Number of protein chains: 2
Amino acid sequence: MSQRNTGVTSQVVNAHACPVREVLDRVAGKWSVQILVAAAHGPIRFTELERSIDGISRRMLTLTLRNLERDGLVTRTVHPTVPPRVEYELTSMARELYATLLSLTEWAERHRVTIAEARAAYDAEHAPELLDV
Amino acid sequence: MSQRNTGVTSQVVNAHACPVREVLDRVAGKWSVQILVAAAHGPIRFTELERSIDGISRRMLTLTLRNLERDGLVTRTVHPTVPPRVEYELTSMARELYATLLSLTEWAERHRVTIAEARAAYDAEHAPELLDV
DNA sequence: CGGGATCCGCCCCGATACTG
DNA sequence: CAGTATCGGGGCGGATCCCG
């Protein structure tokens with residue numbers, strides 16, 4: 001099967017499942033969201049993305065951009081100038097998605113502390129048994 | 001460092017980054033969302049989850065539930081009856097998250113066709129070069 | 001400048017078997 | 001019924017080098 005790999009396992013299998021997975025398969029990659037954020041305010045060049053994201057490798061930047069382009073979330077425009085100039089821009093579809101992600105951001109910030117506490121409590125409850133005795 | 005693995009790489013590194021990643025790290029797992037969906041309407045037993053999700057292994061069901069529990073998204077209640085009876089239930093925090101996921105669902109369904117077309121176009125444009133010559 | 005190609009480690013997840 | 005333990009594959013992502 002000549003199906004390309006987009007980032008998270010199995011497109012085919014989960015197709016029938018809830019559509020949320022479709023979104024997640026597209027956005028759950030380690031860098032996808034940060035790229036969308038960085039490109040949210042207008043066209044941006046490859047190197048600008050590379051510097052603004054911090055920690056990303058050229059490889060992953062390229063791969064993630066390709067996947068986003070493939071899914072119609074970003075457009076890639078090549079300006080055939082002497083030093084090559086490539087600009088990436090969000091599609092309207094991607095800008096809608098970006099807006100939607102904001103409600104997730106909200107949720108995360110509202111419950112960030114609670115989650116941290118829940119983790120600490122869980123770890124305190126389950127880890128010591130290994131060291132204690 | 002005794003930090004547990006929750007599903008998607010690096011908690012520490014991305015802590016400073018956008019909080020969306022925090023949510024995704026928690027939900028991007030292959031089964032997390034389906035479990036949240038299955039448990040959305042009320043307490044549900046382990047085996048009920050296992051049967052209602054279809055395709056999930058006992059192992060992954062357990063692991064994903066543990067992570068959700070650790071993050072405070074589900075509660076685990078053990079009834080010490082003769083055949084053991086364990087019920088999982090969403091916390092209010094998780095129900096809020098579930099509601100938020102609905103806007104993602106919407107987005108996915110609105111653009112599902114467009115995305116599929118974008119993919120087909122991209123693949124048609126980039127794949128043939130390998131076979132053609 | 002904007003990539004592509006390759007090698008490799010790590011973690012996610014599946015399959016199977018065993019337990020209280 | 002509700003898990004745990006172990007083995008193993010696959011793919012995501014990092015590092016490095018090379019190209020037009």
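Keep in mind that this is a model prediction, so the values were computed, not measured. A note on names: the letters A, B, ... follow the listed sequences, proteins ahead of strands, and every chain is numbered from 1.
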Legend entry - Side-chain N,O (A/R45) to OP1/OP2 (C/dC1) below 4.0 Å: no
Inset, instruction - Considering just the side-chain nitrogens and oxygens of A/R76, establish if one lies under 4.0 Å of OP1 or OP2 belonging to C/dG2. - result: no
Less than 4.5 Å apart, side chain to side chain, heavy atoms only: is that true for [X] and [Y]?
X	Y	answer
B/R66	A/Y122	yes
B/V86	B/R76	yes
B/R70	A/D123	yes

How close or far is atom [atom2] of [N] from atom [atom1] of [X], stated in whole angstroms?
X	N	atom1	atom2	result
A/R66	C/dA5	CZ	P	11 Å
A/H126	D/dG3	NE2	P	12 Å
A/E69	C/dG3	CD	P	9 Å
A/N67	C/dG3	CG	P	14 Å
A/D25	D/dC12	CG	P	10 Å
A/F46	C/dC1	CZ	P	11 Å
B/R85	D/dA2	CZ	P	8 Å
B/L49	D/dC1	CG	C1'	13 Å

Inset, instruction - Note the angle between the end axes of the helix from C/dC1-D/dG20 to C/dG20-D/dC1, five pairs defining each, rounded to 10 degrees. - result: 40°
Inset, instruction - Tell me, please, which residues at least two apart from A/E117 pass side chain to side chain contact (heavy atoms under 4.5 Å, CB included). - result: A/V113
Inset, instruction - List in chain and number order the residues that pass side chain to side chain contact (heavy atoms under 4.5 Å, CB included) with B/A118, two or more places apart in sequence or in another chain; answer none if no residue qualifies. - result: none
Inset, instruction - Supply the atom-to-atom distance B/L61 CG to B/W31 CH2, rounded to the nearest 0.5 angstrom. - result: 9.5 Å
Legend entry - Spatial distance of atom CG (A/L73) from atom OG1 (A/T64) [nearest 0.5 Å]: 12.0 Å
Inset, instruction - Mind jotting down which residue pairs meet the salt bridge (charged side-chain N to carboxylate O under 4.0 Å, His left out) criterion with at least one end in residues 88-100 of chain A? Sequence neighbours excluded, please. - result: A/E96-B/R110
Inset, instruction - Provide the full list of salt bridge (charged side-chain N to carboxylate O under 4.0 Å, His left out) pairs with a residue in residues 34-53 of chain A, sequence neighbours left out, each pair given once. - result: A/E50-A/R58
Inset, instruction - Would you mind telling me which of D/dT4, C/dG2, D/dC1 lies closest to the side-chain atoms of B/T62? - result: D/dT4
Inset, instruction - At under 4.0 Å between heavy atoms, which parts of nucleotides 14-20 of chain C does protein reach? Answer with one letter per nucleotide, 5' to 3': B base, S sugar-phosphate only, - none. - result: BB----B
